[in-house]
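Here is the structure we will look at, set down as structure tokens.
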Amino acid sequence: MVTPEGLNEPQAEAVAHVAGPLVVFAGAGSGKTRVITYRIANLVAQHGVAPWRILAVTFTNKAAAEMRSRVEKLVGAELGREVWVGTFHATCARVLRRWGSAVDVPQSFVIYDTQDQRTLVNRILKELQLDDKRYPARAMLGRIGKEKQELRGPGSMNTASYDDEIAAKVFARYQEHLKAAGAVDFDDLIVKTVELLQGESADAKQLRRRFEHVLVDEFQDTNFAQYTLLRLLSSERQNLFVVGDDDQSIYRWRGADIRNIRSFTADFPGARMVKLEQNYRSTGAIVRAALGVIEPSLGRVPKELWTANDPGDPIEVISVRDERDEATIALRIVRESREAGHDLREIAIFYRVNAQSRVLEEALRAERIPYQVVGGAKFYERAEVKDALAYARAIVNSRSDVDVLRIVNVPARGIGQTTMDRVVAGADEQRISVWDALSDDAALAALAPAARKRIAAFVQVMLGLRKETEQMAPSDALEHILGRVGYVDMLKQDGSVEAEGRLENLRELVGSARDFEGQDAQPTLALFLERVSLQSDTDDLRDQGKVTLMTVHAAKGLEYDTVVMSGMEEDMFPYRSLDPSRDHDVEEERRLAYVAVTRARRRLVLTHASERQVFGSSRMGRPSRFINDIPADVRRHSQTEAMRVATRFVDRPPPSSGGFDRARAVAPWRHPTSAGGPPSSARPSSPPPSAEPGSRFVDREFFDDVPEGEAMPRVKRGMLVKHEVFGEGRVLAVEEASDPKVVAAFPGWGEKRVLLRFLRLA
DNA sequence: ATTCCTGCCTTTTTT
DNA sequence: AGGCAGGAAT
């Protein structure tokens, strides 16, 4: 059944929902954004809800922009503009900018990113004289973040061990520093807003009543703090409308709690539930592949994803030799697509981790195929950009120590480490900001006169800049600052290619400030800085005529006609599944694979390499278990020429040695789901007459041209291998046999002859 | 004070 | 492989 607006029954039900809590389980490609935007339009147009009393929250700026534009299309720009649409972080920043003073967040607050956080923690470790080996900043911040996501402060966290006590101490000092700096980190944006809303101030009361309707996208990715925020914002009327898909929950590592969506109806007795199960996006084969991947997942809310679309073509699974071979395949897909007259914008290449993009990029560049990389090396994290922003932030908010320390000697002003160490120690002692210490003669009394003079000059420059830029547009201010402090001159004098690139980046930064001025009603420098902090490169619009490269995480919420998923190997995807020391979460990896598969509309290509460079050293890989989970009748296997050559070269023994059983030789690499049990006589392995001896595995479906392109370990003399007991060793010889052996030298053990299947590539 | 070198450690994934 | 922190050399 379809309504006049073209909605199916459950969609229409969700859209028509007016009051009370409701959870929508929205399968991939089931039209959830449509449901949210239509519902907002419905509330405004049919139920006379004031647009500014509606809040719609997303996780990414991109989703927010998309939602806003669609709402404006439905209800008109004038009303649409009034709706509060934004990410969790941007929404909170907006609230805090206005009402944050009640929770010690000044109007001019700055947002510390991960780098800033680390700088600050490192300083605290020094201050508290803690060993940064034993208490690495990264780990400390991980802990602090975790606590914040659970809304615990340094005083309320669980301190069972000595290390916990240390963490609490660092945490406490960290918060003090943030407060003194007038800064917040990403988690604080949520935490502070929650604090504000929990308060009894008039502002808090008003805010709790402000929103008649709260709508949330990607609800499965909320953490406890975010969930609490939503409950507070909707506490008055309970009009909380959440949309998500527990199968697509992929952010547990940053605190997302899948139970928020799975237990929604338990948390809100009387809440309604709607399931969107019809997929409009993908071919039948792709939907079936996706189901195959997600079905083994545990604890799912039962859903029946289906599609009325054509079955389409099978999923292409391609065995490649290594990452370069893989890039060649990606190129081939792109070329085919282009020759068929498709826009390159409709092609995406996915990978599990950003590091995989390099080889793909090189290949695309060599072939002059236009591409864009989403995420990865982030523009706003480049040193020169951070420097420029640090100047701006130090001018807007001089209490921000991290920024002042960053730029105090860039370009070099003769204010060195020793000098600054003393200043910082003094500032810590007196509990004043670094800036205050620098501008206070008494605080500098212990310094050499020459150093004091240079510091005084720096302070004067900064004070001058604050005055001069006060009335300037952000772009002009940035330009002025960079010129005045000699930053541009420094780069120009350098003259190197890198310096040229840095100048270009700074021009781009100024350009982005100019863009901002065109968009915002009140383009102040502070607001520009805020936007920069909350902006990720992921938010760029899709360029015409360009292939897109990105991680699967970045791909969530997007769709492409053609998707190439690279690196479909065990230990790559699922990531680190072979590392027993890590508490990897294969469940989450599975959901991530589901996300990847469901991005494709028409064509899905999976590649897996038998060998790959990781951290500089070569590593072998077997196909990902997720490939096996795709129903055999919707996948088609093949291998590249390079792969064919490689396997022939290594695996086919000379005729005289006869009957080398390949299937057995690779057994330990081949069956990720069965724990190491080698395929034995239980699996009859007599090859069909047409095939070459030993060229088939019997537990697989094969098609026309498929000479079984499994990933093969290619152990050769000189390779570094790893043994459970002997550790790492160098291969000296390989003995072909039905169960091949390897002679290798293990430091501390000498030469050992071991079965190949007990080795892994080091 | 600056620059260069070396050794370590990294890598999920993002606001 | 690459980036970054700490240390040595200039």
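Per chain, numbering begins at 1; letters A, B, ... match sequence-line order.
- Position along DNA chain B of the nearest nucleotide to A/E589 versus A/R413 favours A/R413 as the more 5'-ward residue.
- Looking at A/L189 and A/L534, their side chains come closer than 4.5 Å, going by heavy atoms from C-beta outward.
- Ring to ring, A/F626 and A/Y594 are not that close: their centroids are 6.0 angstrom or more apart.
- Across all strands, A/F59 comes closer than 4.0 Å only to sugar-phosphate atoms, never to a base (heavy-atom distances).
- Donor-acceptor pairing under 3.5 Å, judged by distance alone, is present between the side chain of A/Y575 and the base of B/dT11.
- For A/R138, counting side-chain heavy atoms from C-beta on, the closest listed nucleotide (C/dA1, B/dT13, B/dT11) is B/dT11.
- Counting only heavy atoms from C-beta on, A/H89 has its side chain closest to B/dT15 among B/dT2, B/dT11, B/dT15.
- Side chains of A/S624 and A/E569 form no contact here, defined as non-hydrogen atoms less than 4.5 Å apart.
- The aromatic ring of A/W253 stacks onto the base of B/dT13, its centre lying under 5.5 Å from the centre of the six-membered base ring with the two planes under 30° apart.
- Counting only heavy atoms from C-beta on, A/R254 has its side chain closest to B/dT14 among B/dT11, B/dT14, C/dG2.
- With P as the reference atom, C/dC4 and B/dT13 are 15 Å apart, rounded to whole Å.
- Ring centroid separation for the pair A/H89 and A/F59 does not come in under the 6.0 Å cut-off.
- A/I415 comes within 4.0 angstrom of sugar-phosphate atoms only, judged by non-hydrogen atoms across all strands, and of no base.
- In the set B/dT13, C/dG2, B/dT15, the nucleotide with an atom closest to the side chain of A/T87 is B/dT15.
- Ranking B/dT14, B/dA1, B/dT11 by closeness to the A/T418 side chain, first place goes to B/dA1.
- Heavy atoms of A/T91 sit nowhere under 4.0 angstrom from any nucleic acid atom.
- The side chain of A/R118 lies closest to C/dA5, out of B/dA1, C/dA5, B/dT11.
- At the heavy-atom level, A/N409 lies under 4.0 Å from the strands shown only through sugar-phosphate atoms.
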